[in-house]
Amino acid sequence: MSRDEPHNIVTGTTTGHVLQTAEIHGDVHLHSASPRSVPRQLPGTVRHFVGRRRQLAALTTYLDEAVASPEPVAISTVEGMAGIGKSALAIHWARQHTDRFPDGQLYANLRGFSPAAAMQPGEALWGFLHALGAPRDTPFLDLDAQAALYRSMLAGRRMLIVLDNARDSDQVRHLLPGSGACYVIVTSRQRLTGLVGQAGARPIKMDSLQIDECATLLGALAGTDRVTAEPGAAEGLVELCARMPLALTILGARLADRPDLQLHTLARRLRDARLETIDSGETDVNISTVFSWSYQALSPAAAALFRLLSLHPGPDFSAAAATSIAAEKADRLLDELTHVHLLENRPGGRYGFHDLTRLYAQHHAQDHPRDAAVLRMLDHYLHTCVAADGHLGSPWEPFTLEPPQPGTCPETFTDAGQAAAWFAAEHAVLVALVEDPAWSSSHTWRLARSLVTHLDRHGHWRDFVSTQRAGLAAAQQVADANSQAYAHRLLARALCRRDELGEARDHLSRALELFGDDITGQAHTNYALGYLDVCAGDTSRALDRTTQALTLARESGAEVWEAKALNNIGWCLIEAGRHAEALDYSRQALDLFRNLDTDPDGLAHTLGCLGSAYLGAGDPEQALACYLEALHIREQHRNFYTQATTLRHVAAVHRTTGNDEAEQAALRQALAILEQLGHAEGPALRAQLARLI
């Protein structure tokens, strides 16, 4: 670059003492006899700066640590998505601490993601050199010579260098001082891994503002009285802006320009057209425009994945799911997207969108083919869900499953622990897929059916009901009578968990009709009707129903339902106070479950019933042994809700034997589980425990 080429940096110098040194650069002998300059290049103070206490404190802490250490130069990187407030943070902090840099402050907007060409290192260096006092007639120097002269002129000075909007580590490498007296702050949409790894930079991550900070910012721009007068509308604006400072600033400025514009009116417009409403009409303060600068810098493959991932229901996703959506290994592409903060890294190795970047990606996805990617995504979750469910000992009949779409890579599991962990990680995604009517009905009813064991065992009753309702609606559109019967049967099971027994009975009756000649279906539906009868207090009818279920199960050869029916008969007898008779049926059920070794949940339930029968028959020692074995099985298989139920039975045994301390300990364990699940039974158990203490 010629020294005469424009560099667009305002020098802003003030005269200090004279630098009387000579620098040798190759064959150039440069005498710097000009006055030593004290540049003050920081942009104006950021108006209406709010929050960011943690990040401001981190910048100060890193400087303090650097002053006390022998490190060659102190560097902080401020990283985050477009519009999140990186530049504002750096400039606000710098303005607050100018007294710590008596030799001046250098600033350059490196235009790393601007539609204009990014600033070359040499261009920035010429501007800095002139600001530091290098004569305007300095001979042309190559980049390395410029950097060497720059480091020499900074030597011994206590200065702040703010390198704003850097594209990558290479763009700033030649702009770093060589001494520890200076502090460098680099802002970027990229993760500046090179600076962190090679130059010891300390990264600071920017995220969304807190809700109260958003309200403060909106009030500062639009007027506190207006925000106070419409608190609900203000909260809506904050939510729709996803707590992004740039978006709130644009809306606040619009409100300031329109004193007659009510917040609820703007919120309504924002709901109808979010990205269009967050448009100031000026390039640098337009959400879509600033996102576009990051988007256009992506490789074609990463840009395509960015668009396709916006079709995912969220709230986050795994690399494995992204691989199926992309139909290629996605790790490198995800790294590229998180590197420029168009995606966020989430806990557990997962990824997610900021709300506004998702909208931006969805907008661009409309102009590209996406049907095949949607089918791959649905096939990924369906086939993986079926595989995971297969490790949980589900008693339900399998259904026909077509091969996945080409390019789909379903996940596999080696044991129940891996399967349960996958369900826990993907719970919100799976529920969202099932509940959204926009997706394929043939996938929906199968997904709903494959979720039953997970939802049931973990006490997710609300999601259990909602997914089975969606599954039934989908099955009624596309599935055969048998699959519809299962959908009614499973919705009834979910409703029973919510004590909505009347509606549950209606669905079981419809299931009986639809199962027709399916003897296994008839068996487990009669079993469920017997369960309802016990809950309703009609033990006699329950015994009749469950005995019929036992006969049908034996006729069909469905041993798992034979074992369940035997145990249910034992439960009916316990409810009727016939504990000695119950022991016989529960023992038969226990033998069957142990031989099957495929239904740990059924085995644990049978041990629980057997424990109740022993306790009722006056044998608390045997009862406790049964309960503790059941508890061990449920802990192994992460069946949290029934762990709590079993612990309450354990407490009942200890109450019978007068062991108050052990009773309270068991109840406390049960309460901790219920509260972790957010279960409705928690408050009642807490009150029970309080009465005992």
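The first residue of the sequence shown is numbered 1, and numbering continues consecutively from there.
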Verdict with reasoning, Arg350 to Glu426, per salt bridge (charged side-chain N to carboxylate O under 4.0 Å, His left out): CA-CA 10 Å; Arg350 298 175 70 79; Glu426 301 289 355; 2.9 Å; yes

Salt bridge flag under 4.0 Å for residues Arg469 and Glu435: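 Result for this pair is no, no salt bridge flagged.
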
Under-4.0 Å salt bridge between Arg54 and Asp207: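 Looking at Arg54 and Asp207, the cut-off is met.
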
Contacts of type side-chain contact (heavy atoms from CB on, under 4.5 Å), residue Ala387, not counting sequence neighbours: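 Scan of Ala387 (side-chain contact (heavy atoms from CB on, under 4.5 Å), adjacent residues dropped) gives Phe413.
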
side-chain contact (heavy atoms from CB on, under 4.5 Å) partners of His443, counting only residues at least two apart: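 Expected list: Leu375, Leu378, Asp379, Leu382, Ser440.
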
For Pro315 against Arg346, the heavy-atom pair lying closest together: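 Shortest heavy-atom separation between Pro315 and Arg346 comes out as O-NH1, 3.1 Å.
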
Minimum-distance pair of heavy atoms, taken over all atoms of Leu392 and Ala416: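 What the structure gives for the nearest pair is CD2-O, 4.1 Å.
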
More than 12 heavy atoms of other groups within 6.0 Å of Asp371 CG: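 Check fails, neighbour count at 12 or below.
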
Ala672 backbone acceptor or donor facing Gln676 side chain under 3.5 Å: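 Looks like no, no N/O pair under 3.5 Å.
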
Please work out which of the three classes, parallel, tilted or perpendicular, describes the rings of [Y] and [X], given edges at 30° and 60°.
X	Y	value
His92	Phe49	parallel
Tyr183	Trp93	perpendicular
Trp396	Tyr486	perpendicular
Tyr641	Trp461	perpendicular

Within the structure provided, determine whether [X] and [Y] are in side-chain contact (heavy-atom separation under 4.5 Å).
X	Y	result
Arg307	Tyr295	yes
Arg462	Arg498	yes
Phe353	Glu344	no
Leu63	Arg202	no

Full working for side-chain hydrogen bond (donor to acceptor under 3.5 Å, both in side chains) between Thr77 and Glu79: CA-CA 6 Å; Thr77 62; Glu79 304 170 3; 3.0 Å; yes

